[in-house]
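Every chain is numbered from 1 and lettered A, B, ... according to where its sequence line falls, protein lines coming before strand lines.
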Amino acid sequence: MSTRINVTVNGLQYSHMVEPRLLLVNYLRDVLRLTGTHVGCDTSSCGACTIHVNGKATKCCTLLAVQADGCEITTIEGLSHNGELHPLQEGFNECHGLQCGFCTPGMIMMAADLLQHNPQPTEESIRHALEGNFCRCTGYQNIVKSVQYAAEKMKMSEAVH
Amino acid sequence: MSTNGLIGRSVKRVEDKRFTTGHGNYTDDIILPQQTYAVFVRSQYAHARIVRVDTSVARAMPGVIAIFTGADLANVNGVPCGWQVNFKNGDTMKEPKHPLLVADKARHVGDAIAIVIAESKDQATDAAEAVEVELEELPCVVDAYKAVQPGAALVHDDVPNNKSFDWALGNPLEEVKEAMDKATHVTTLEFVNQRLVPNAIEPRSYNSSYDPVSEKYTLYTSSQNPHLIRLLMCAFVLGIPEHKVRVVSPDVGGGFGSKIFHYTEEALLTWCSKQLNRPVKWTSERSESFLLDAHGRDHVTKAEMGFDEEGKIVALRVKTYANLGAYLSTFSSCIPTYLHGTLLQGLYTTPKINVDVTAVFTNTTPVDAYRGAGRPEATYLLERLIDLAALEMDVDPADLRFRNFIPPFDGVQQPGYQTQVALQYDSGNYEGVLKKGLEMVNYPEVRRAQQEAAHNGKLVGIGFSTYIEACGIAPSAVVGSLGCRAGLFEVGQVRVQPTGKVSVYTGSHSHGQGHETTFAQIVADKLGINLTDVEVVHGDSDSVAFGMGTYGSRSLAVGGSAIMKSIEKIIEKGKKIAAHKLEASADDIEFASGKFTVKGTDRSIGFGEIALTAYVPHVYPKDLEPGLDFSSFYDPANFTYPFGCHIAVVEVDKETGKVSLKRFVAVDDVGNVINPMIVEGQIHGGVVQGIGQALFEGAEYDENGQLTNGSYMDYCMPRADDLPMFETASQVTPCPHNPLGVKGAGEAGTIGSAPAIVNAVIDALWSGGHKVKDIRMPLTSERVWRAMNELIS
Amino acid sequence: MIPVAFDYEKVKTVEEAIAALSGDDLKILAGGHSLIPAMKLRLSRPGKLIDIGGITALKDIKEEDGEIVIGAGATHADIMYHNLIRTHLPFFTEGAATIGDMQVRNWGTIGGSLAHADPAADWPAMVLAADATIEMQGVKGRRNIKATEFFTGLFATVLEPNELITAVRIAIPPDGTKSTYQKFAQPASRFALAACAVMRFPDGRTNIAFTGVGDHAFRDTGAEQAISGKAIDDASVEAAMLAALQNVDVMSDHYASEPYRRHLSKVYLKKALMAVKS
Amino acid sequence: MQLAGKHVLHAAPPKVWATLMNKDTLARVVPGISHLEETGDHTYKSTLDIKLGPVNGSFTGNLQLDDLQEPSSFTLKGQQNSKIGNANAAIKINLLPVGTNDTEIAFEGDVKLSGMLASLGQRVMGGVSNTLSKQFFANLEKELNNTTA
């Protein structure tokens with residue numbers, strides 16, 4: 001029994017008939033072919049699938065596509081605007097916040113949610129915010145620094161505007 | 001040689017943009033036209049006879065294309081082991097078939113019984129559930145020591161005592177015993193180096209297709225070494241011509257060893273794609289990864305270290321039972337032997353060493369290389385022993401090390417150091433890293449704080465680990481004599497395009513290590529061109545001539561050196577072209593900063609113009625071929641031997657046993673450094689995997705062979721909020737035998753860190769009067785609490 | 001990981017939800033953060049899901065007749081960020097921050113957590129210590145039940161199959177009330193290995209609840225009696241620790257055996273009592 | 001997974017014994033049984049529907065009462081298979097007279113779990129077995145009371 005969903009993903013509107021059991025992550029990856037959102041586990045633990053649904057960080061492996069009906073979704077592909085990288089995307093490059101890159105989209109999307117709530121996070125609050133995102137490569141230190149870099153950069157651009 | 005200063009700089013990674021914007025291309029991202037999807041039916045039991053497999057219901061379900069069982073593959077070989085180790089008596093190791101699908105019996109939980117292929121993954125999953133499997137559960141063995149005892153169940157009916165092989169190395173046992181008898185103090189430790197699950201965050205994924213017109217296969221695989229997979233799959237498993245197979249490892253989401261091996265699914269999907277004439281894709285679920293990705297470690301060891309009255313080590317004796325799991329994985333046999341026994345000299349002048357290893361089959365997931373592979377086990381053993389000996393003898397652990405270090409040697413003026421266990425170290429300054437570590441941690445202050453804490457009823461401890469490893473895994477002649485069934489060289493091709501832009505083709509796959517940046521730095525630096533003018537290509541057997549892959553911290557030392565050889569050839573040929581154009585002798589041409597110059601003159605010609613001339617050879621020497629493109633195979637003279645000093649400071653909560661890691665200092669000497677930022681990143685990641693082993697991780701099997709913590713809900717992965725900021729520094733003792741002077745940094749962190757943490761916890765407990773010798777890793781709060789309370793009462 | 005196929009109905013009101021709750025092979029989908037993982041692993045195979053995520057009326061957090069009323073559909077994050085909660089029930093703010101991780105807190109709901117009744121979930125201990133009332137609605141109408149009567153066993157509550165939780169009601173504690181949630185997390189799942197919630201009123205009455213310890217969260221009346229009305233000092237804390245966990249079947253798993261978990265629980269009781277000491 | 005426990009019932013051992021040896025009462029006493037079919041002497045084919053929170057599993061397999069020492073002990077054996085994993089149990093049950101009209105039932109045994117139950121269920125399995133044994137005794141008590149009445 002398929003159900004129609006209407007969603008806005010990275011600013012574009014989509015309408016599809018989907019099976020209720022289709023997970024949102026599979027809708028994004030297989031139907032919309034937005035493959036930047038990854039699947040790293042089956043217990044909602046690793047955070048590789050983190051996206052924003054209505055502005056909130058979400059593990060989309062634990063959401064049915066039908067639950068997202070009417071929602072506004074941002075994935076890693078939609079984070080940068082007009083070809084300009086988001087400060088987090090820049091920060092991860094500047095501070096070597098990634099190695100294999102697999103956890104990176106989820107990590108960045110989670111960090112983006114954090115910076116919305118807490119523009120000047122401490123090291124401790126960054127580490128706490130990222131507790132639901134596993135990285136096996138970096139040991140997290142440079143990820144923390146990448147988020148600090150982005151926070152600093154966002155603060156400076158605020159000051160300019 | 002020319003340099004523009006790129007080598008040694010923390011150049012930002014060129015590969016990052018695709019990953020930070022969601023444009024990485026991992027195997028599971030690929031959907032081919034006519035794609036089909038595979039799901040496996042797997043054994044729930046660790047050991048079971050397959051009584052009946054009924055696929056009739058499943059076959060009739062919607063979307064199902066095919067179902068294959070072990071019976072369909074009776075004539076297909078199993079996946080091979082790449083390294084032969086012989087018994088002490090000379091017999092060849094026992095190497096039972098590792099079939100692509102089991103037909104007779106399942107030997108570990110997760111062993112594949114059937115593959116279901118359907119139009120969609122949903123349909124394949126539904127149908128796999130409908131395959132009826134009747135199994136007769138058999139008694140099983142899980143523990144390596146128990147498996148060799150009389151009466152234990154047999155994993156393979158034709159392998160007596162479950163012994164794949166036994167093996168020994170070092171001085172004759174009698175000599176070691178004699179030296180041990182003379183020791184004034186002997187520290188003995190019986191311990192388990194527990195089994196770890198590698199847990200690269202990208203689950204393994206394969207997508208294989210077959211083109212009936214060209215009769216060519218293409219396999220996309222999340223592998224660390226596509227060429228080796230092609231070689232093993234073609235030559236050993238499927239018997240298909242190698243030139244008819246293209247193996248591509250696109251972006252790979254971490255490996256840590258677990259993606260080196262040739263897995264059954266790779267060959268099986270390739271086989272299926274031809275049966276169906278359609279591409280077949282399978283991506284491991286995490287719960288499958290726990291059961292199938294080759295695990296690491298799993299040694300049961302007894303070790304004794306003898307000291308004389310001055311605290312000099314006089315003898316070391318080691319007996320290890322190594323658990324290989326149910327089948328021999330690709331490199332499993334060399335891990336507990338040539339990558340473990342050979343490292344037991346450590347940094348010390350121990351004159352007599354004997355190591356004895358029994359390698360054992362059990363009804364568990366196969367065990368193979370996991371970051372460090374054998375060397376963490378060796379380091380853990382040595383570094384636990386020496387720290388414990390210091391506690392027992394009431395000597396300072398740093399001081400005890402200084403008394404035993406091999407003196408500094410550069411491998412050029414002074415010769416390499418010949419160990420008692422077959423290796424010759426290349427160059428080292430071992431006391432240097434410990435001195436630096438002590439300074440960084442401010443040792444006297446930590447000891448003072450420890451005493452003060454003890455006075456206030458708190459437990460603070462400091463632990464050391466001074467490690468060495470053998471990496472840059474190569475010399476084909478050496479590994480060949482040790483039983484490796486492949487060569488271990490590397491290939492590097494440098495193709496200068498007519499416009500002076502450069503494409504580099506390397507057999508060293510990159511899956512997080514940043515080769516696209518580091519290798520480009522080398523080429524740009526040596527050729528005096530811009531970094532953006534260099535592109536590094538890897539991971540595709542159709543593009544790259546050959547390769548042996550990335551593992552054992554070998555990429556830069558071996559792969560980088562192969563590229564260096566090709567750069568030298570480019571420059572040499574460039575000089576000949578320049579000589580012709582500048583009407584001088586090639587011997588008189590110097591190359592520096594991207595320019596070919598006639599010595600002592602200002603007559604010069606740029607690299608770009610030489611490149612153009614090579615491809616537009618209108619004015620060109622007769623005896624020179626056009627083009628500027630060289631490929632080199634590099635086979636080094638020796639392993640490389642990075643070393644370092646890791647120091648941990650911990651606090652143990654007396655009431656709960658919870659360990660808090662307060663500080664972690666790492667001084668690593670990985671030889672010359674091309675990109676310090678990347679090296680530091682490798683150290684961070686490595687250290688956390690060692691911390692993971694010490695404090696968080698460990699596969700737990702019950703006696704029935706069930707993995708009882710087969711998900712992230714129970715298997716504890718280190719997280720951001722579990723860790724402090726690390727304090728790192730480097731020392732540089734160049735490798736004398738490769739052109740870059742590099743040693744390798746991929747595994748150092750993991751090898752060094754775990755014993756430092758455990759030593760620190762033991763030290764903390766001793767400071768509170770709990771004279772505990774060992775706590776089994778991972779040091780969960782309950783284990784530490786028990787250690788404190790069972791000895792105190 | 002793909003769940004078994006099921007039917008799906010999204011409802012907009014509580015009434016619609018109750019009407020849809022007929023038949024026994026169905027499950028209510030709130031945030032889904034306990035249910036969907038179980039469905040992906042096919043441990044759970046409902047024939048139909050009733051999605052109540054769209055009932056906006058259930059998301060409210062408000063003050064009403066001297067009570068804080070938390071709609072069952074409020075997420076952990078909604079509660080964590082809410083000023084009313086921060087003011088009157090600071091331990092809810094503190095405790096909510098320890099649930100799962102940020103992404104989970106953004107979807108998981110208090111109603112879902114209570115209905116699920118995981119033996120190591122965080123909300124059960126907190127609502128017990130707060131002496132909350134659980135408001136439920138079903139075909140027979142609305143009923144309120146004290147949290148102390150709500151949890152009946154492992155994953156078991158008094159909730160009928162055709163009922164749903166609509167709100168959690170807590171009498172606004174008098175000024176000077178102190179509360180805390182102290183949790184020793186299982187290192188992998190971050191569920192409570194042992195956790196203790198305490199609410200201490202100005203008159204010295206002390207509510208103590210544990211989660212992660214037995215097969216469901218519970219109020220520890222033994223410990224409460226030992227400390228209620230007494231000053232919190234070494235002797236009274238010691239007495240409370242001694243009195244705690246009488247007649248409790250303490251759970252055991254590979255992160256905490258029964259004796260260790262019992263010990264940890266008492267240590268965390270002590271921490272909690274010290275945290276509410278004035 | 002090891003299981004052990006004790007429970008005192010208000011009935012003499014012979015009566016408890018009789019309740020457990022009877023197919024119809026056994027079906028009411030063992031939690032979750034939706035179908036029980038005698039296939040031999042104290043040997044049954046069974047279907048159990050276990051619902052615990054989010055987990056619902058339908059188990060099919062055999063139940064067997066073995067090593068019968070009337071009225072003091074027997075072993076309950078079961079092999080139960082499901083899509084989420086199999087369970088294989090052997091539980092020794094001792095009936096000890098207490099006073100004149102009571103029985104202490106002590107059980108001790110081992111349940112082997114496989115599949116998803118083994119790898120993912122560890123955290124709650126202790127609680128599950130506890131819950132099921134509580135249910136078993138509650139059912140048994142009810143059954144004994146009913147037959148008294």
Side-chain angles (χ1 to χ4, degrees), chain B residues 37 39 61-62 118 120-130 197 199 203 283-288 653-659 692 695-702 707-722 778-790, chain C residues 1-6 33-34 37-43 45 97-98 100-104 118-121 182-196 212 237-238 241 250-272 274:
Chain B
Y37 298 84
V39 169
M61 286 174 65
S120 77
K121 196 173 170 187
D122 301 19
Q123 292 166 332
T125 306
D126 291 344
E129 211 178 61
V197 183
N199 274 314
T283 300
S284 172
E285 305 287 1
R286 179 58 55 185
S287 46
E288 286 182 299
D653 185 285
K654 271 187 146 172
E655 284 188 310
T656 63
K658 190 176 164 67
V659 175
L695 296 179
F696 305 117
E697 303 179 39
E700 305 274 351
Y701 279 95
D702 70 11
L707 180 64
T708 60
N709 57 347
S711 88
Y712 289 147
M713 297 303 280
D714 290 300
Y715 186 96
C716 182
M717 293 278 281
R719 306 198 198 192
D721 59 352
D722 291 321
L779 273 57
T780 60
S781 47
E782 175 162 9
R783 285 182 180 152
V784 177
W785 176 75
R786 282 182 180 275
M788 285 190 286
N789 287 286
E790 278 163 19
Chain C
M1 288 272 129
I2 295 154
V4 175
F6 53 85
H33 275 48
S34 300
M39 289 173 63
K40 282 164 66 182
L41 296 164
R42 299 194 163 199
L43 292 168
R45 301 156 173 264
T98 74
D101 50 53
M102 198 57 232
Q103 296 95 316
V104 169
D118 189 291
Q182 299 287 330
K183 168 176 170 181
F184 190 96
Q186 196 258 46
S189 70
R190 304 267 167 122
F191 271 97
L193 209 59
C196 183
V237 169
E238 186 73 20
M241 288 168 75
V250 174
M251 289 195 296
S252 167
D253 60 31
H254 68 234
Y255 279 104
S257 64
E258 189 264 328
Y260 179 63
R261 188 176 251 116
R262 190 174 279 278
H263 165 79
L264 261 190
S265 308
K266 295 189 174 197
V267 170
Y268 273 69
L269 168 61
K270 179 165 84 178
K271 279 184 198 286
M274 295 318 282

Colleague: Evaluate the side-chain proximity of C:R42 to B:T125: yes if any heavy-atom separation is below 4.5 Å, no if none is.
Modeller: yes
Colleague: Against chain C, label B:K121 side chain, backbone, both or neither, depending on which of its atoms sit under 4.5 Å from a heavy atom there.
Modeller: both
Colleague: Given that the side chain runs from C-beta out, which part of B:S711 has a heavy atom under 4.5 Å from chain C: side chain, backbone, both or neither?
Modeller: neither
Colleague: So what's closer than 4.5 Å to chain C heavy atoms on B:T283: side chain, backbone, both or neither?
Modeller: neither
Colleague: I'd like to know which of B:R783, B:E700, B:E129 tops the heavy-atom pair count under 4.5 Å against chain C.
Modeller: B:E129
Colleague: Please state whether the side chain, the backbone, both or neither of B:E697 comes within less than 4.5 Å of a heavy atom of chain C.
Modeller: neither
Colleague: Would you tell me whether B:R786 and C:S257 have side-chain atoms, one donor and one acceptor, within less than 3.5 Å of each other?
Modeller: yes
Colleague: What part of B:T656 is in contact with chain C, defined as an atom under 4.5 angstrom from a non-hydrogen atom: side chain, backbone, both or neither?
Modeller: both
Colleague: Between C:K40 and B:E285 (salt bridge meaning N to carboxylate O under 4.0 Å), is one present in this structure?
Modeller: no
Colleague: Does any backbone or side-chain atom of B:M717 lie under 4.5 Å from a heavy atom of chain C? Answer side chain, backbone, both or neither.
Modeller: neither
Colleague: Under a 4.5 Å cut-off applied to non-hydrogen side-chain atoms, are C:R190 and B:D721 in contact?
Modeller: yes
Colleague: Using heavy-atom distances under 4.5 Å, tell me whether B:D702 contacts chain C through its side chain, its backbone, both, or neither.
Modeller: neither
Colleague: Decide yes or no on salt bridge (Lys or Arg N to Asp or Glu O under 4.0 Å) for C:K271 and B:E655, but give the supporting numbers first.
Modeller: CA-CA 11 Å; C:K271 279 184 198 286; B:E655 284 188 310; 5.0 Å; no
Colleague: Could you tell me which portion of C:Y255 (side chain, backbone, both or neither) has an atom closer than 4.5 angstrom to a non-hydrogen atom of chain B?
Modeller: both
Colleague: Check whether C:R261 gets within reach of chain B through its side chain, its backbone, both or neither, counting any heavy atom under 4.5 Å.
Modeller: neither
